[in-house]
Amino acid sequence: MEVAKPKPPVAKEQPAKPKEPVNAKEPVAAKEPVAKTKAPEVKAQEPVAKPKDIPSKITETEGKITPQAPASVAPKETSRLVTCHLTKLETALDQFRKSYPKLKPADAGLLASALTLTGRHALALYEGEQYRWPEDYDKLTKAMVGQLEMVQQGIETTTKKVAKTAPEEEPVVVTVGLAPNISAGEDLLKGRDDLKTLLSDVIQGGVEFVYSSMDLGWQWALDRVNWNTISGGELSRRIKIKAAFTEGAIGMEMGTGAKKRSPKKAAAAVAAPAEAEEATAE
């Protein structure tokens, strides 16, 4: 008997791969994962140290930095007008105590006295020159003679044209400017440069001198000048010399606020009592 030979194994047909379309894109190779590198750590900037004396405050709404004074620092003293009565020294002294509380009472008294001297010994200003009282008394009076003679001529010309029955005219005022005499005040403060500096600051900040005609050295002197002797002729009594602060300070003369009567009202006031006396006599 013939033994049947085993049949060789038949290879299985592998399924055909589907055809790729012509327009299909080639597959993109997958990117290899990139190793992540750590970003360098950025340290936060430390806040810049601010001066201790000027701390800042940031507002929430605007974000602006506004300087804010610390509570421990006292605000700077602001200069203000100082009123100095030349007849009442305590007025300036009280103001210095309030404006400069750290100033010693003795220093405040010296400062008030020095300020008073700058007003009493004020410099006379006439035609661009300065005159000290009483050293330049003769120099100033001689310099004023020319102007007073011109004023005299104008008065004589006007008087001839005015009728005799006309009321008396107002006096003609010749003004002499005044300025604080800082050197006179500094002479009292010898050896105290700190008070000299403070005196200068007070005058620059503004001073108002309140005075009478007897308080100013130059006004007192000019009221007693014998102009007839200096000029060599007779000057009219209508010429009045007035010294007033024009530079470096404000001046206010006491007793000049009263209203003056007009000549007509003054004549009527004098005539009324005379008429009453005549009626009583009748």
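Closest non-hydrogen pair, Phe209 versus Val207, comes out as CZ-CG1, 3.7 Å. Here the closest heavy-atom approach between residue Val176 and residue Ala124 is recorded as CG1-CB, 4.0 Å. Here the shortest heavy-atom pairing between Gly177 and Thr246 reads CA-OG1, 3.5 Å. Contact record, Leu199 with Ala114: CD2-CB, 4.1 Å, taken as the closest heavy-atom pair. In terms of heavy atoms, Ser113 sits closest to Leu188 at CB-CD2, 3.6 Å. Glu253 and Lys242 get closest at one heavy-atom pair: OE1-NZ, 2.5 Å.
How far CG of Leu89 is from CG of Asp94: 9.5 Å, rounded to the nearest 0.5 Å. A distance of 13.5 Å separates CZ in Phe96 from CD in Glu90, rounded to the nearest 0.5 Å. Distance check, rounded to the nearest 0.5 Å: CG of Leu178 to CD of Gln219 gives 8.0 Å. The NZ atom of Lys240 sits 8.5 Å away from the CG atom of Asp223 when rounded to the nearest 0.5 Å. Atom CG in Leu81 sits 5.5 Å away from atom CD1 in Ile250 (nearest 0.5 Å). Put simply, CG on Leu198 and CG on Leu111 are 5.0 Å apart, with the number rounded to the nearest 0.5 Å.
Applying the side-chain contact (heavy atoms from CB on, under 4.5 Å) criterion to Thr87, with sequence neighbours excluded, gives Ser212, Asp215, Met254. Among residues two or more places apart in sequence or in another chain, the side chain to side chain donor-acceptor pair (under 3.5 Å) test is passed with Tyr211 by none. Under the side chain to side chain donor-acceptor pair (under 3.5 Å) criterion, Asn181 pairs with Ser183, sequence neighbours left out. Gln152 is linked by a side-chain contact (heavy atoms from CB on, under 4.5 Å) to Glu156, Leu235, Ser236, Ile239, counting only residues two or more places apart in sequence or in another chain. Annotation: side-chain contact (heavy atoms from CB on, under 4.5 Å) contacts of Ser200 (sequence neighbours excluded): Gln204. Partners of Gln147 according to the side chain to side chain donor-acceptor pair (under 3.5 Å) rule, which considers only residues two or more places apart in sequence or in another chain, are Tyr126. Evaluation of the side chain to side chain donor-acceptor pair (under 3.5 Å) rule for Glu186 yields no partner, not counting sequence neighbours. By the side-chain contact (heavy atoms from CB on, under 4.5 Å) test, Asn226 pairs with Asn228, Thr229, sequence neighbours left out. Residues meeting the salt bridge (Lys or Arg N to Asp or Glu O under 4.0 Å) test with Arg192, sequence neighbours left out: Asp107, Asp194.
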query = Does the pair Phe245 and Leu216 meet the rule for a side-chain contact (heavy atoms from CB on, under 4.5 Å), with working shown?
reply = CA-CA 10 Å; Phe245 284 93; Leu216 301 177; 4.0 Å; yes
Working for side-chain contact (heavy atoms from CB on, under 4.5 Å), residues Thr91 and Thr83 = CA-CA 7 Å; Thr91 57; Thr83 302; 5.9 Å; no
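Applying the salt bridge (Lys or Arg N to Asp or Glu O under 4.0 Å) definition to pairs two or more places apart or across chains, none involves residues 130-152.
Ring-plane geometry between Trp133 and Trp220 is classed as perpendicular, the angle between the planes exceeding 60 degrees on a 0 to 90 degree scale with a lower cut at 30.
A heavy-atom distance below 4.5 Å is found between the side chains of Leu195 and Leu110. Residues Ile241 and Trp227 form a side-chain contact, since some pair of their non-hydrogen atoms from C-beta on lies under 4.5 Å apart.
One hydrophobic cluster, built from ILVMFWY side chains closer than 4.5 Å, cannot hold both Ile203 and Leu93; they sit in different ones. Linking Ile, Leu, Val, Met, Phe, Trp and Tyr residues whenever their side-chain heavy atoms come within less than 4.5 Å places Val225 and Val172 in a single cluster.
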Only distances under 3.5 Å count here; give the side-chain donor-acceptor pairs of residues 116-123 to other protein atoms, sequence neighbours excluded, each with its distance to 0.1 Å.
residue	atom	partner	partner atom	Å
Thr116	OG1	Ala112	O	2.9
Thr118	OG1	Leu115	O	2.4
Arg120	NH2	Leu86	O	2.6

